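Each remark here refers to the structure printed beneath this line.
Everything numeric here is computed off the predicted structure, so don't read it as measured data.
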Amino acid sequence: MNIPKTSYPRIIIIGGGFAGIALARKLSKQEVQVVLLDKHNYHTFQPLLYQVSTGGLEPDSIAYPIRKILKDFPNFHFRLAEVNEIDTTCNTIKTNIGDLKFDYLVVASGSKTNYFGNTEIEKHSMAMKTIPQSLNLRSLILENFEEALLTTDLHERIALMNFVIVGGGPTGVELAGALAEIKKGILPKDYPDLDTRLAQINIIQSGGCLLKGMSENASAKAEDFLEKLGVHVWKNVRVTNYDGKTVTTNSDLIFDTATVVWAAGVQGATIKGLDAKDFVTRGNRILVNQCNQVKGFEHIFAIGDIACMATDEFPNGLPMMAQPAIQQGQQLGSNILKLIEEKPMKPFEYKDKGAMATVGRNKAVVDLKTLRFQGVFAWYVWMFVHLFFLIGFRNRMVVFVNWVYNYIRFDREARLIIRPFKKKFKL
């Protein structure tokens with residue numbers, strides 16, 4: 001990998017997400033050598049992926065080069081690589097570009113879509129965890145409308161304009177709201193010769209409420225917002241299969257559709273060597289103690305979505321969201337320095353700053369520690385928080401200008417088929 005030898009301890013970070021970047025920043029300008037590995041050369045602001053999928057933003061608005069984030073840090077090295085295995089005996093990682101020894105290893109590989117073992121759903125549905133996946137979804141949505149213009153079969157046309165979103169968490173709710181606004185404000189202008197009233201947006205939730213984990217008021221209000229936008233909300237319904245044409249459920253409900261977005265859950269993206277049952281627990285997450293150390297190791301850590309740190313409040317592990325990842329990354333930076341200096345590490349304490357989700361224009365729900373509110377003000381708070389956590393002044397400005405333009409014009413300029421993603425669909 002052409003990483004120079006040094007007398008400083010070598011800390012390898014696997015993953016350039018929220019957790020990995022927070023840790024690398026914390027270790028900047030310290031007497032350590034930091035090597036960050038990721039299969040992409042950019043950090044993705046995942047909470048806004050749905051806006052890329054629906055043409056609200058271009059992907060470069062929510063991505064930022066990892067090298068640029070950490071360009072002023074001494075003793076920092078980035079390599080574009082995919083880690084295949086961790087050799088815990090020899091303290092070595094094995095990648096597609098070579099092997100590298102470590103003194104300290106931090107696994108921050110994040111999460112991936114969980115299909116719960118259903119290979120048919122995995123094969124035919126669309127995920128939305130990465131920028132390439134979001135671009136694929138955007139192309140598919142637009143191509144299906146183009147295809148709907150051409151078919152003379154009414155049943156097929158309806159299926160091409162029928163969207164099924166599986167999962168009623170923030171991702172599913174925000175995507176459903178965005179698609180509903182496209183149906184209302186954009187499709188009639190872009191496709192005047194197509195009866196866009198036939199377009200349907202369905203969101204299917206296996207439990208009894210949307211936005212599980214937020215307050216009952218937030219859940220009820222989000223559902224009310226969606227229904228007013230024309231979204232069909234199906235609760236206590238579990239999807240059992242999707243063969244590329246028809247969605248079947250555990251009830252009498254079936255949906256003929258060309259587009260299924262799977263947002264029903266995620267699981268840890270484990271790596272060979274730390275994927276045995278001794279290390280992994282529910283949700284395919286790596287067991288860690290209160291200092292983020294992997295069970296059985298003093299010098300190997302896991303942070304962010306991949307880490308399962310059980311607490312009294314969160315017995316199944318902290319939420320797989322940005323805030324726990326950022327906070328763990330920041331504290332682990334301090335703890336590793338203490339470990340190097342042979343000082344006691346400080347146990348991690350999660351500071352819950354609340355949760356929020358937007359359903360569309362002037363519609364959002366916010367749950368803070370001591371305050372809960374919904375509507376227009378919540379929408380402004382949601383926008384401010386997301387702008388604040390975006391990396392890079394340019395990205396903040398571009399996203400802000402896009403949002404202002406979209407708000408005034410009720411438009412989404414980025415509805416472009418940059419690279420076709422064709423799925424042959426025929427009922």
Side-chain angles (χ1 to χ4, degrees), residues 1-3 10-30 32-49 52 59-86 93-98 100 102 104-113 127-135 266-271 274 285-286 292 300-307 320-333 336 386 389-396:
M1 291 191 194
N2 288 328
I3 303 295
R10 177 180 289 163
I11 303 169
I12 296 180
I13 305 170
I14 302 174
F18 288 111
I21 294 297
L23 172 60
R25 282 174 157 171
K26 191 68 177 181
L27 293 171
S28 66
K29 302 178 182 178
Q30 303 296 327
V32 293
Q33 184 189 67
V34 178
V35 181
L36 195 154
L37 307 173
D38 198 287
K39 57 187 175 183
H40 300 295
N41 73 333
Y42 54 84
H43 165 80
T44 303
F45 190 75
Q46 290 188 340
L48 293 180
L49 279 173
V52 174
D60 60 350
S61 303
I62 65 166
Y64 203 81
I66 292 175
R67 291 184 183 278
K68 189 171 182 180
I69 296 172
L70 307 169
K71 63 183 175 65
D72 296 325
F73 297 174
N75 302 315
F76 168 78
H77 305 275
F78 172 75
R79 292 295 182 266
L80 190 66
E82 188 162 356
V83 179
N84 300 318
E85 186 177 352
I86 298 168
I93 59 165
K94 300 179 180 181
T95 79
N96 62 329
I97 61 171
L100 189 65
F102 60 83
Y104 300 91
L105 175 67
V106 181
V107 181
S109 50
S111 59
K112 60 183 180 180
T113 305
M128 200 177 62
K129 282 290 290 177
T130 66
I131 284 177
Q133 288 175 343
S134 294
L135 287 173
V266 292
Q267 61 181 337
T270 52
I271 301 169
L274 281 181
R285 303 171 78 183
I286 298 174
N292 285 100
I300 299 178
F301 305 83
I303 54 176
D305 288 358
I306 189 66
M320 298 169 80
M321 300 189 303
Q323 268 306 310
I326 293 169
Q327 292 177 32
Q328 285 184 341
Q330 291 171 342
Q331 176 145 334
L332 182 58
I336 288 179
H386 283 68
F389 281 104
L390 269 170
I391 296 178
F393 176 76
R394 174 197 170 274
N395 281 15
R396 292 189 187 108

- prompt: So, the side chain of Arg67 versus the backbone of Asn41: is there a donor-acceptor pair under 3.5 Å, distance only?
  reply: no

- prompt: Which distance, rounded to the nearest 0.5 Å, do you find between the CD1 of Ile271 and the OG1 of Thr95?
  reply: 11.0 Å

field: Phe301 and Ile336: CA distance, side-chain angles, deciding distance, side-chain contact (heavy atoms from CB on, under 4.5 Å) verdict
entry: CA-CA 10 Å; Phe301 305 83; Ile336 288 179; 4.1 Å; yes

- request: Kindly say whether Phe73 contributes a backbone atom to a donor-acceptor pair with the side chain of Ser28 at under 3.5 angstrom?
  value: no

query: Under the 3.5 angstrom rule, does the side chain of Asn395 hit a backbone N or O of Ser61 as a donor-acceptor pair?
result: yes

- prompt: At what distance, to the nearest 0.5 angstrom, does CG of Leu105 lie from CD1 of Ile300?
  reply: 5.5 Å

- request: For residues Leu49 and Met128, report the shortest heavy-atom separation together with the two atoms involved.
  value: CD1-O, 3.7 Å

query: Taking all atoms of both residues into account, what is the closest heavy-atom pair of Phe45 and Phe18, and its distance?
result: CD1-CZ, 3.7 Å

task: Apply the test side-chain contact (heavy atoms from CB on, under 4.5 Å) to residues His386 and Ile62: give CA-CA distance (whole Å), side-chain angles for both, the deciding distance (0.1 Å), then the verdict.
output: CA-CA 10 Å; His386 283 68; Ile62 65 166; over 6 Å; no

- line: One should read off an interatomic distance between Gln46 CD and Lys129 NZ, to the nearest 0.5 angstrom, of 4.0 Å

message: Restricting to non-hydrogen atoms, name the atom on Thr113 and the atom on Ala127 that form the minimum distance, rounded to 0.1 Å.
response: OG1-CB, 3.5 Å

- prompt: Between atom CD1 of Ile66 and atom CG of Leu36, what is the distance when rounded to the nearest 0.5 Å?
  reply: 5.5 Å

query: Nearest heavy-atom pair of Ile131 and Pro59: which atoms, and what distance?
result: CG2-CB, 3.5 Å

message: Thr270: which residues meet the side-chain hydrogen bond (donor to acceptor under 3.5 Å, both in side chains) condition with it, sequence neighbours left out?
response: Asn284

field: Audit row: Val266, Asp305, side-chain contact (heavy atoms from CB on, under 4.5 Å) steps and yes/no
entry: CA-CA 9 Å; Val266 292; Asp305 288 358; 5.6 Å; no

- prompt: Hey, is the main chain of Thr130 close enough, under 3.5 Å, to the side chain of Gln133 for a donor-acceptor pair?
  reply: yes

List the atom pairs, with distances to 0.1 Å, where a side-chain N or O of residues 75-86 and a protein N or O form a donor-acceptor pair under 3.5 Å, not counting sequence neighbours.
unit_1	atom_1	unit_2	atom_2	d
Arg79	NE	Met1	O	2.8
Arg79	NH2	Met1	O	3.1
Arg79	NH2	Asn2	O	3.1

query: What is the minimum heavy-atom distance between Ala22 and Ile326, and which atoms define it?
result: CB-O, 3.6 Å

task: Test Gln331 against Gln327 for side chain to side chain donor-acceptor pair (under 3.5 Å), laying out the working first.
output: CA-CA 6 Å; Gln331 176 145 334; Gln327 292 177 32; over 6 Å; no

query: In Å, rounded to the nearest 0.5 Å, how long is the span from CD of Gln33 to CZ of Arg10?
result: 4.5 Å

- line: Closest heavy-atom pair, Arg285 versus Ala307, reported as atoms and distance to 0.1 Å, is NH2-O, 2.8 Å

query: To the nearest 0.5 Å, what is the distance between OG (Ser109) and CG (Asp38)?
result: 10.0 Å

query: So, do Asp60 and Arg394 sit near enough that their side-chain heavy atoms are less than 4.5 Å apart?
result: yes

message: Under the criterion side-chain contact (heavy atoms from CB on, under 4.5 Å), I'd like the reasoning laid out for Leu37 against Ile93: C-alpha separation, chi angles, the key distance, then a yes or no.
response: CA-CA 11 Å; Leu37 307 173; Ile93 59 165; 3.0 Å; yes

